[in-house]
Amino acid sequence: MVLNFLTAHSLEETSLLAARQVSERLLAQSPHSPSLLLVYFTQAHDAEELRHHFKQQFPSSRMIGCSSCGGVMTQTGHHARQGIGLAVAAIYDDKGAYGVAGQAGDAVDVRQLLRSAIADGGRPGELPQLILLHASPGQEEAMLESIEAELGTTVPVVGGSAADNSVSGDWQLCWDEGSTREGVALAVLYPDCQLAFQFHSGYVPTEYRGTITALSGREILTIDHEPAAEVYARWSGRTTPWPVGPILRETTLSPLARQVGTLDDMPYYKLSHPEAVTEGGGLRLFTDTQVGERLLLMYSSQ
């Protein structure tokens with residue numbers, strides 16, 4: 001059997017019915033058990049119920065899952081009904097190897113988790129071709145640093161933070177042996193093929209830029225010594241201040257960014273999406289930043 005990559009989705013409202021429908025659709029495309037299941041779902045679904053069904057249906061398959069915001073996507077488009085959706089990608093690869101590990105909590109040893117996943121894949125001492133990483137928001141940079149410390153910089157890492165519909169902590173993760181709201185799940189991939197990559201954030205830089213002059217954790221307090229939320233509102237072309245509270249939905253098309261290098265003489269950027277405006281006029285982001293870093297406003301369109 002050659003490597004195959006199949007997807008299926010469901011808009012059923014209950015987790016059990018949605019998981020059953022996805023399983024039926026996968027089995028209709030291939031009678032074999034997948035090597036790896038990638039499970040993505042909106043917050044209305046229950047990660048543990050999804051995990052339990054897929055492990056019962058495909059006991060020999062590795063599995064990793066992560067909640068999303070508002071809907072799910074496959075190659076056929078965006079799928080959601082009243083904010084509910086489940087999509088699964090299944091990799092079929094008899095000659096490849098795949099390992100998964102996960103851990104609940106906010107003090108995860110990512111280096112040990114990596115070793116567990118590599119052992120689970122049966123390839124100790126061998127660098128994976130790809131790492132898929134999902135985590136509850138908050139420690140992403142530290143996790144990437146741990147992966148780099150363990151494996152170096154040659155292994156690409158893809159993935160993203162678990163999400164919900166309103167940044168209220170209703171995100172979920174799951175993997176072969178468990179599920180959690182706070183924690184990490186990762187997969188290491190040793191496919192029987194060569195992988196190639198191409199990436200573009202989908203955003204272009206604008207002329208607006210400034211320097212971080214004060215911050216607290218992930219909250220930028222001032223840009224060029226002005227309240228960060230005021231500066232961001234001016235850059236965004238708003239005639240009124242941003243309201244205090246979550247602003248992620250309203251700012252998706254205009255994140256902040258830092259230039260982190262060039263590729264073929266073209267600058268490339270690390271995006272920082274604003275999560276919320278704070279009472280003190282600060283701007284809370286989904287990434288870590290440092291005083292003295294230059295921020296610029298990015299732009300995109302639907």
Side-chain angles (χ1 to χ4, degrees), residues 69-70 106-108 110 133 135-149 157 159-171 182 184 199-263 266-302:
C69 169
D106 55 7
V108 176
V110 174
L133 172 69
S136 51
Q139 301 293 323
E140 296 89 342
E141 286 90 354
M143 293 173 191
L144 291 170
E145 288 174 3
S146 294
I147 291 172
E148 185 175 321
V157 182
S161 307
D164 60 13
N165 294 340
S166 57
V167 201
S168 54
D170 290 324
W171 43 71
E182 299 292 329
V184 182
F199 174 76
H200 188 277
S201 69
Y203 297 88
V204 294
T206 69
E207 70 273 20
Y208 298 106
R209 54 202 66 208
T211 301
I212 299 171
T213 45
L215 59 77
S216 175
R218 287 187 164 184
E219 179 187 353
I220 297 179
L221 302 174
T222 60
I223 298 173
D224 293 336
H225 304 287
E226 294 184 70
E230 287 184 17
V231 175
Y232 183 61
R234 187 167 67 245
W235 287 358
S236 304
R238 287 180 64 89
T239 56
T240 58
W242 284 107
V244 172
I247 59 169
L248 177 63
R249 184 183 297 273
E250 294 80 9
T251 63
T252 297
L253 296 179
S254 52
L256 299 169
R258 290 157 287 163
Q259 183 178 337
V260 292
T262 57
L263 193 62
M266 292 289 290
Y268 66 91
Y269 303 95
K270 179 184 290 184
L271 299 180
S272 295
H273 283 274
E275 172 198 339
V277 170
T278 63
E279 292 281 356
L283 204 58
R284 195 163 60 238
L285 306 181
F286 273 110
T287 60
D288 295 335
T289 55
Q290 295 181 3
V291 170
E293 285 189 313
R294 291 280 289 172
L295 291 175
L296 62 153
L297 183 72
M298 304 292 280
Y299 168 78
S300 189
S301 68
Q302 290 187 9

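All heavy atoms count here, side chains included; hydrogens, waters and symmetry mates do not.
Open room surrounds CD on E279; 12 or fewer heavy atoms of other groups in view lie less than 6.0 Å from it.
In terms of heavy-atom proximity, T213 sits nearest to H225 at OG1-N, 2.9 Å. Among all heavy-atom pairs drawn from V110 and S146, the shortest one is CB-CB, 4.0 Å. W235 approaches I223 most closely through the heavy-atom pair CH2-CG2, 4.2 Å. P274 approaches I247 most closely through the heavy-atom pair CB-CD1, 4.0 Å. Contact between Y269 and A257 at its shortest, heavy atoms only, is CB-CB, 4.0 Å. Shortest non-hydrogen contact noted between N165 and G70 is OD1-N, 2.8 Å.
Applying the salt bridge (Lys or Arg N to Asp or Glu O under 4.0 Å) criterion to E293, with sequence neighbours excluded, gives R258. For the side chain to side chain contact (heavy atoms under 4.5 Å, CB included) test, residues two or more places apart in sequence or in another chain that qualify with S166 are S168. The salt bridge (Lys or Arg N to Asp or Glu O under 4.0 Å) search around E230 returns none, not counting sequence neighbours.
Each ring pair (Phe, Tyr, Trp, His ring centres under 6.0 Å) pair with one or both residues in residues 241-263, not counting sequence neighbours, appears once here: Y232-W242. Residue pairs meeting the salt bridge (charged side-chain N to carboxylate O under 4.0 Å, His left out) criterion with at least one partner in residues 209-229, sequence neighbours excluded, are E140-R218, E141-R218, R218-D288, E226-R234. A ring pair (Phe, Tyr, Trp, His ring centres under 6.0 Å) check over residues 270-298, counting only residues at least two apart or in different chains, returns the pairs Y203-H273.
Partner of L256 under the side-chain contact (heavy atoms from CB on, under 4.5 Å) criterion, chosen from I212, T251, L271, L283: L283.
At a threshold of 4.5 Å between non-hydrogen side-chain atoms, the residues S254 and L297 count as touching. Within the 4.5 Å cutoff, the side chain of L295 has no heavy atoms near those of the V231 side chain.
Atom SG in C69 sits 11.5 Å away from atom CG in D170 (nearest 0.5 Å). Interatomic distance, OG1 of T289 versus CG of L215, reported as 4.5 Å (0.5 Å rounding).
Formation of a donor-acceptor pair under 3.5 Å by the S236 side chain with backbone atoms of R238 is not found in this model.
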